[in-house]
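Report on one structure; see the data block that follows.
These figures come from a predicted structure and were not determined experimentally.
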Amino acid sequence: MAAAALREQLNTLLSSMFASGMVDEQFQQLQMLQDDGGTPGFVAEVVTLFCDDADRIISELAALLEQPAVDFDKVDAYVHQLKGSSASVGAQKVKFTCLQFRQLCQDKNRDGCIMALAVVRNEFYDLRNKFQTMLQLEQQIQAQQ
């Protein structure tokens, strides 16, 4: 596929991510850091690190919530960490879901936390899929230059 068509696909994908609220202006800032003569592959590296970290945190949260006696302080600490990393990459929907999740932790609402984890997981998986598509398109564009 021609580089111009790939760029158009990439721009459409990014526009839909912004329009749906999946990502916010923080993600745009990351892109601008790379575009302004920054390190090539900077966004790819940040996104990959975020996805790996979020995957690990979500697994930890699932394990903690399966315990007979849930340590809500530990759950809250992990959710806080996920919220922070989500905010740093502009993962707006994940960040907002974490805010609600933290309130449920503070209320020590196990069932609510389990439901919040499912929502966080779904929002993250949707975002990760979009990020993976974005990275694939960027690699294809670079290969044609």
>> For A3, is there any backbone N or O sitting under 3.5 Å from a side-chain donor or acceptor partner on Q144?
In response: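 A pair under 3.5 Å: yes.
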> Does V94 offer a backbone N or O that forms a donor-acceptor pair with the side chain of E123 under 3.5 Å?
Replying inline: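 Such a contact is absent between E123 side chain and V94 backbone.
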In the structure I gave you, are the side-chain heavy atoms of [X] and [Y] within less than 4.5 Å of one another anywhere?
{"X": "M134", "Y": "V47", "result": "yes"}
{"X": "V23", "Y": "K130", "result": "no"}
{"X": "L10", "Y": "L6", "result": "no"}
{"X": "R7", "Y": "I141", "result": "yes"}

Hydrophobic clustering (ILVMFWY, side-chain heavy atoms < 4.5 Å, transitive) - are [Y] and [X] grouped together?
{"X": "I58", "Y": "L65", "value": "yes"}
{"X": "F50", "Y": "Y125", "value": "yes"}
{"X": "V79", "Y": "L99", "value": "no"}
{"X": "V120", "Y": "F72", "value": "yes"}
{"X": "F101", "Y": "V119", "value": "no"}

Non-hydrogen atoms of [X] and [Y] that approach each other most closely:
{"X": "L30", "Y": "V89", "answer": "CD1-CA, 3.7 Å"}
{"X": "Q67", "Y": "A63", "answer": "NE2-O, 3.3 Å"}
{"X": "K95", "Y": "A87", "answer": "CD-CB, 3.6 Å"}
{"X": "A62", "Y": "L117", "answer": "CA-CD2, 3.6 Å"}
{"X": "A116", "Y": "T97", "answer": "O-CG2, 4.2 Å"}

Under the side-chain contact (heavy atoms from CB on, under 4.5 Å) test, which residues partner [X], sequence neighbours left out?
{"X": "L49", "result": "E45"}
{"X": "S59", "result": "none"}
{"X": "L64", "result": "K74, V75, Y78"}
{"X": "T48", "result": "D52, L135"}

Who passes salt bridge (charged side-chain N to carboxylate O under 4.0 Å, His left out) against [X], sequence neighbours left out?
{"X": "D53", "result": "R56"}
{"X": "D55", "result": "R128"}
{"X": "R121", "result": "none"}

>> Suppose the criterion is salt bridge (charged side-chain N to carboxylate O under 4.0 Å, His left out): which pairs have a residue in residues 58-72, not counting sequence neighbours?
In response: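 Checked against salt bridge (charged side-chain N to carboxylate O under 4.0 Å, His left out) - neighbours excluded - no pair reaches residues 58-72.
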I need the [X] [atom1] to [Y] [atom2] distance, nearest 0.5 Å.
{"X": "Q81", "Y": "S86", "atom1": "CD", "atom2": "OG", "answer": "10.5 Å"}
{"X": "I114", "Y": "N109", "atom1": "CD1", "atom2": "CG", "answer": "9.0 Å"}
{"X": "C105", "Y": "Q100", "atom1": "SG", "atom2": "CD", "answer": "12.0 Å"}
{"X": "Q29", "Y": "S88", "atom1": "CD", "atom2": "OG", "answer": "13.0 Å"}
{"X": "E25", "Y": "F18", "atom1": "CD", "atom2": "CZ", "answer": "8.5 Å"}
{"X": "L14", "Y": "S16", "atom1": "CG", "atom2": "OG", "answer": "7.5 Å"}

> Got a sec, which residues hit side-chain hydrogen bond (donor to acceptor under 3.5 Å, both in side chains) with D107, two or more places apart in sequence or on another chain?
Replying inline: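 side-chain hydrogen bond (donor to acceptor under 3.5 Å, both in side chains) check on D107 returns Q103.
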>> Suppose we screen for side-chain hydrogen bond (donor to acceptor under 3.5 Å, both in side chains). Which residues come up paired with D76, at least two apart in sequence or across chains?
In response: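 Counting only residues at least two positions away or on another chain, D76 forms a side-chain hydrogen bond (donor to acceptor under 3.5 Å, both in side chains) with R102.
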> What residue pairs, at least two apart or across chains, pass ring-ring contact (aromatic ring centres under 6.0 Å, His included) with a residue in residues 80-99?
Replying inline: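 Qualifying pairs: none.
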> What pairs with F131 under ring-ring contact (aromatic ring centres under 6.0 Å, His included), at least two apart in sequence or on another chain?
Replying inline: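 For F131, the residues satisfying ring-ring contact (aromatic ring centres under 6.0 Å, His included) (neighbours in sequence not counted) are F27.
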> So which of M22, Q26, Q28 actually passes side-chain contact (heavy atoms from CB on, under 4.5 Å) with D24?
Replying inline: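 Filter result, single survivor: Q26.
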